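Keep in mind that what you see is a predicted model, and the values were worked out from it rather than measured. By convention in this document, chain letters (A, B, ...) are assigned in the order of the sequence lines, proteins followed by strands, and residues within each chain are numbered from 1.
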Protein chains: 2
Amino acid sequence: MSHTFGVRQAQKQRTRQALMDAALALLEEQSLSSLGLREVTRAVGVAPTAFYRHFRSTADLGVALVEEALGSLHLVLGDLMSAVGDSDELIRRAVELIARHVDAYPAHVRFIARERHGGVQPVREAIQGQLARFAEEVGDDLAKRPETAGWSDDDRLMLAGLYVDQMLATASLFLETHDGPEAERERVTRLAGRRMRLISIGCRHWLD
Amino acid sequence: MSHTFGVRQAQKQRTRQALMDAALALLEEQSLSSLGLREVTRAVGVAPTAFYRHFRSTADLGVALVEEALGSLHLVLGDLMSAVGDSDELIRRAVELIARHVDAYPAHVRFIARERHGGVQPVREAIQGQLARFAEEVGDDLAKRPETAGWSDDDRLMLAGLYVDQMLATASLFLETHDGPEAERERVTRLAGRRMRLISIGCRHWLD
DNA sequence: CCATGCAGTTAACAACTGTTCTCTGTAATT
DNA sequence: AATTACAGAGAACAGTTGTTAACTGCATGG
């Protein structure tokens, strides 16, 4: 079988992950389009040519990072949608889960926010594609809820996109206060909550 | 006087503008953190060392570009706020003005969207600062309108930020369809309009 | 147990980068 | 008319980059 993991395959995947982690760390203070292949291998402690055993180019590395970063965010989205309850309670929960995720994977969030409109086309497209899937999922979930009963699918997708955008904007705000004072984080929490509340109010009166 | 423009000063500003224009063009398919000084001077047709007569570094160039790009967008914002009339009419007008601006200055819009979360700190901070000023202005304008009567300044600023973010998101969407089919542009126009309409509805019922 | 596959190495390449120093021509000042 | 200020040119620097080729060692499958 191809997925029987011997010592060989395991070691390969380990250095592959090391390359991705190193890249993510280097991307804290630059963007993907300026990330050099040698820079990454140097950080890992491996020969430059070893890079090619795992990725065709840094753009290819970037696409792999998109899958990793948005994969972890997708789990949060699942958590968000599985919840039920009062609207205000849902919003509070959403903001807190986002804050927790930013705390746990700040580099992932920074990468997505930075490369969503970044200078590397394949990466941009990968992100847009995944986010479109996110919006579809949220739209499908909204269809099961009473708040959007009687809505057209198109309108539901509009709202879903708005929520997804808001999720990323909120995550980005939390990222800026990641090693700032607690008061700032609290301010962002309240701000994000009110933003989503205003949207949910608009949603409640959409069909008037 | 220092601002008496002789032949000398005029020529200097001309090449300075040429450098900025060339940079903006090069940034269509990369981000600022990978933009090389030599790359820019080569595109203009001047010696690499001439760059230093105008900018300390490419980051410095970036900050100048922020002022240019957000300066032009600021004019659009002024147009938007000076208008009065029915809510739907205002939204239609806003979306059209944004579309027009993206058509007129696509490179400016791309630059702001890309570097807002980009890898060059001074540029990021310049953008965030200007956008905060935008939000303040919109907040002040909202205070004069009946829709937000009785709101706290904090809530008004929250709504203003939401509108500013939405303006940029809309501009970014238009940019993606910039040389696409007319049908796509129409779809984005309708989507952006509905997004803003939902927000304005939420605004109308905020104090319930 | 031996042959193969393949992750990773070493060395070398031409091309490119930012930065410094020195020089030149000419507009502006005196 | 003589002097100064300064935008831009030119050459050179040490260091970096992506990519190729031929290699080594070792886990794996027959």
Checklist entry - Are the charged groups of A:Arg156 and A:Asp140 less than 4.0 angstrom apart, N to O? => result no
Next on the checklist: My understanding is that only residues two or more places apart in sequence, or in another chain, count here; which of them pass side-chain hydrogen bond (donor to acceptor under 3.5 Å, both in side chains) with A:Glu137?
Outcome noted: A:His74
Next on the checklist: Whether B:Arg116 and B:Asp165 form a salt bridge (side-chain N of Lys/Arg under 4.0 Å from carboxylate O of Asp/Glu) is what I want to check.
Outcome noted: yes
Item to check | Any residue meeting side-chain hydrogen bond (donor to acceptor under 3.5 Å, both in side chains) with A:Trp151, in chain and number order, not counting sequence neighbours | outcome: none
Checklist entry - What is the distance from CG of A:Leu37 to C1' of D:dG18, rounded to the nearest Å? => result 7 Å
Checklist entry - For B:Phe55 and C:dG18, what is the distance between atoms CZ and P respectively, to the nearest whole Å? => result 15 Å
Item to check | Residue-level proximity of residues 13-28 of chain A to DNA chain C when a heavy atom falls under 4.0 Å | outcome: A:Thr15
Next on the checklist: Just by distance, no angles: are the side chains of A:Gln121 and A:Arg124 close enough, under 3.5 Å, to form a donor-acceptor pair?
Outcome noted: no
Just the table, please: protein N/O against nucleotides 10-16 of chain D N/O, every pair under 3.5 Å.
{"from": "D:dG10", "atom 1": "O6", "to": "B:Thr49", "atom 2": "OG1", "distance (Å)": "3.4"}

Checklist entry - Over how many whole Å does the gap from B:Gln30 atom CD to C:dC16 atom C1' extend? => result 14 Å
Checklist outcome for this item: When rounded to whole Å, the OH to P distance for the pair B:Tyr52 and C:dT17 reads 12 Å
Checklist outcome for this item: When rounded to whole Å, the CZ to P distance for the pair A:Phe51 and D:dT19 reads 9 Å
Checklist entry - Nearest-Å distance, NZ (B:Lys12) to C1' (C:dA27)? => result 14 Å
Checklist entry - Is any side-chain N of the basic residue among A:Arg187 and A:Glu184 closer than 4.0 Å to the acidic one's carboxylate O? => result yes
Next on the checklist: If the threshold is 4.0 Å, N to carboxylate O, is there a salt bridge linking B:Glu89 and B:Arg92?
Outcome noted: yes
Checklist entry - Sequence neighbours excluded, which residues qualify as side-chain hydrogen bond (donor to acceptor under 3.5 Å, both in side chains) partners of A:Asp141? => result A:Arg145
Listed pairs, N/O of protein and of nucleotides 23-26 of chain D, under 3.5 Å:
{"from": "D:dG25", "atom 1": "N2", "to": "A:Arg8", "atom 2": "NH2", "distance (Å)": "3.3"}

Next on the checklist: Rounded to whole Å, how long is the line connecting atom CD of B:Gln11 with atom C1' of C:dG25?
Outcome noted: 13 Å
Checklist entry - Taking 4.0 angstrom as the limit, do B:Asp103 and B:Arg100 come out as a salt bridge? => result no
Next on the checklist: Measure CD/A:Gln9 against P/C:dA7 and give the value in whole Å, please.
Outcome noted: 8 Å
Checklist entry - How about A:Arg8 and A:Lys12: do any of their side-chain heavy atoms sit closer than 4.5 Å? => result no
Item to check | Aromatic ring pairing B:Tyr105/B:His108, orientation class (parallel under 30°, perpendicular over 60°, tilted between) | outcome: parallel
